[in-house]
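All values below come from the heavy atoms of this structure, side chains included, with hydrogens, waters and symmetry mates left out. Sequential numbering from 1 along the given sequence is applied to the chain's residues.
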Amino acid sequence: MNKKVKSILWGSGIIVVLGIAVAVLMLTQADPQEEIDRHASSLAAKLVTLVNEQSSDVESLHIKNELDEYTITRAGEGVWRIPEIAEFAQQDYLYLETLGQASNINANEVIEENCTDLSKFGLDRPKLVIDVTYVNGNEYHLTVGNRAPGSGAQYIMQEGDGTVYALPSTSIPNLYYNRHEYTEKTVIETFDPEDPSTVPHIDYVKIDRPDLEQPIIMESMTQEELGPNAVIQTNLRLKSPVNAMLSETPLQTYVFALFGMTGSEVVAANPTPEELTQYGFDEPSSTYELRYNETSTVKLTTGYKVRGQSYPDENGNTYETDCYYVIKEGINQIYVVPTQMVTWMEMQPKDIISSAAVLPNILDIESLETVVEGRKTVVDFTLGEDPTKSSDITAALNGEAHDIEPVRSYLQLIMGTAIQDIYTGEVTGEPVFRADYHYRSGKTDTIEVYLLADRTAVLSLNGNKGFLGRAGYVDKIVKETQNLLDGKEIDINW
């Protein structure tokens with residue numbers, strides 16, 4: 001036979017054999033779904049049911065773990081409670097989760113039958129003891145010991161059965177909780193920032209800490225303080241340690257951020273004197289009093305700071321953060337609250353005060369008098385035909401009509417006092433700058449600036465020499481006052 005023909009036939013034979021093999025494989029290959037079902041059946045066959053009851057039929061569940069020992073009892077139709085903490089707000093869903101876990105316990109492996117040495121599995125000193133009773137009279141008593149090496153399972157035994165089983169550790173996580181996990185952890189209710197009707201009106205805030213010489217007190221301004229044409233950054237005003245305007249942005253952090261405060265856990269309910277000392281409340285690290293909407297008051301007290309606590313984020317993940325122990329007056333339990341929510345612990349007055357000493361509306365100002373380097377300058381403001389329109393105002397400089405636009409800029413410069421901090425030291429000597437705002441109401445606000453020997457600028461508001469400013473402020477006013485008098489453009493940037 002021709003070699004070429006032989007080669008073709010041989011090659012064809014291989015193709016035929018391969019084709020038959022593929023066909024056989026295709027015909028004998030198991031269906032993937034059948035494999036899944038077979039695997040599931042195999043797992044189910046290995047499961048050993050230790051408890052299989054309706055969770056709604058639980059009469060009582062006694063838990064003893066490494067953190068606590070307590071009993072969950074039926075308190076009504078579909079309601080369960082731990083009697084010792086029943087007076088506190090509860091998380092009902094958590095009770096239902098726990099009862100569900102305790103009522104369906106399945107081991108996935110037999111470890112040893114007729115075990116006589118419980119110590120090798122940690123069952124002589126169990127990590128968890130479960131005693132559950134149902135309304136039908138059935139009772140179950142189980143103990144859980146050490147973790148099985150490498151498997152993540154734990155050893156479990158049932159009373160009356162000498163067999164040691166392996167229990168998936170993820171099947172009963174709630175049974176390792178302490179009783180305080182079942183209490184509501186919301187410290188202050190939240191509000192919807194998108195719905196203006198729910199935004200709280202802040203009436204009063206008082207922060208006291210051992211490091212503060214005087215408490216920080218903020219109060220809602222009266223209508224007299226606001227004036228008829230108020231231009232304000234916030235309705236709150238600092239009243240202690242000095243009287244000062246407040247900046248709006250920091251108040252989001254130090255006031256409004258408290259709404260929605262939630263603890264990561266509760267470590268004690270109805271704490272004993274010993275527990276109060278243990279968590280630092282015999283010498284509190286701070287108190288925070290908040291009054292809002294005229295009728296609501298929240299008073300928080302902080303104890304020790306605790307480092308490296310796990311806390312869930314809004315996505316259900318956990319992260320490590322420092323926390324404080326916190327007590328809310330009227331709710332006699334100790335929360336663990338992340339430092340991100342206890343924002344006031346390091347806050348100082350300089351963090352919240354406005355850089356402006358006063359911020360009047362030009363419609364309310366009858367005249368502005370400034371004295372710098374011994375020279376007095378007077379600007380008078382006259383309302384237009386419509387007294388509510390600032391665009392109609394006219395101005396006179398030292399008794400003579402003057403273009404209103406540079407006067408507006410000059411007024412803006414004077415109001416930009418650039419306050420940096422509060423000042424509690426002594427001030428002597430005469431002011432190097434003075435500004436008197438005379439209002440149409442008859443009231444006057446007086447700003448004075450003193451320069452100390454080290455060129456520190458101390459600013460006074462109505463005789464209260466309580467603010468640190470910038471020495472360059474006076475230099476800038478000297479320059480721009482001359483520009484105003486010379487009819488030049490006023491530069492408010494410095």
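- Between Asp491 and Lys476 there is a salt bridge, since a side-chain N of the basic residue sits under 4.0 Å from a carboxylate O of the acidic one.
- Applying the ring pair (Phe, Tyr, Trp, His ring centres under 6.0 Å) test to residues at least two apart or on different chains, the pairs with a partner in residues 243-273 are Phe191-Phe259, Phe259-Tyr292.
- What you find for Leu413 and Tyr473 is that their closest heavy atoms are O-CE1, 3.7 Å.
- A 4.5 Å side-chain heavy-atom check between Asn104 and Val51 finds every atom pair outside the cut-off.
- The CD1 atom of Ile105 sits 7.0 Å away from atom OG of Ser171, with the distance rounded to the nearest 0.5 Å.
- Pairs passing the side chain to side chain donor-acceptor pair (under 3.5 Å) check and including a residue from residues 419-437, sequence neighbours excluded, read Arg434-Asp436, Arg434-Glu448, Asp436-Thr446.
- Salt bridge Glu369/Lys376: present, at least one basic N to carboxylate O contact under 4.0 Å.
- Here side chain to side chain donor-acceptor pair (under 3.5 Å) pairs that include residues 404-417, with residues two or more places apart or in two chains, are Thr370-Tyr410, Tyr410-Thr481.
- Two residues are said to be in side-chain contact when any heavy atoms from C-beta on lie closer than 4.5 Å; Lys305 and Asp322 meet this criterion.
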Less than 3.5 Å apart, which donor and acceptor atoms pair up between the side chains of residues 119-129 and the rest of the protein, not counting sequence neighbours?
| from | atom 1 | to | atom 2 | distance (Å) |
| --- | --- | --- | --- | --- |
| Ser119 | OG | Asp117 | OD1 | 2.5 |
| Lys120 | NZ | Glu112 | OE1 | 3.0 |
| Lys127 | NZ | Asn146 | OD1 | 2.7 |

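- Side-chain atoms of Leu397 and Thr377, non-hydrogen and from C-beta on, do get closer than 4.5 Å to each other.
- Applying the side chain to side chain donor-acceptor pair (under 3.5 Å) test to residues at least two apart or on different chains, the pairs with a partner in residues 459-468 are Asp445-Asn462.
- For residues 58-85, the set of pairs meeting the salt bridge (charged side-chain N to carboxylate O under 4.0 Å, His left out) definition, not counting sequence neighbours, comprises Glu59-Arg74, Asp68-Arg179, Arg81-Asp92.
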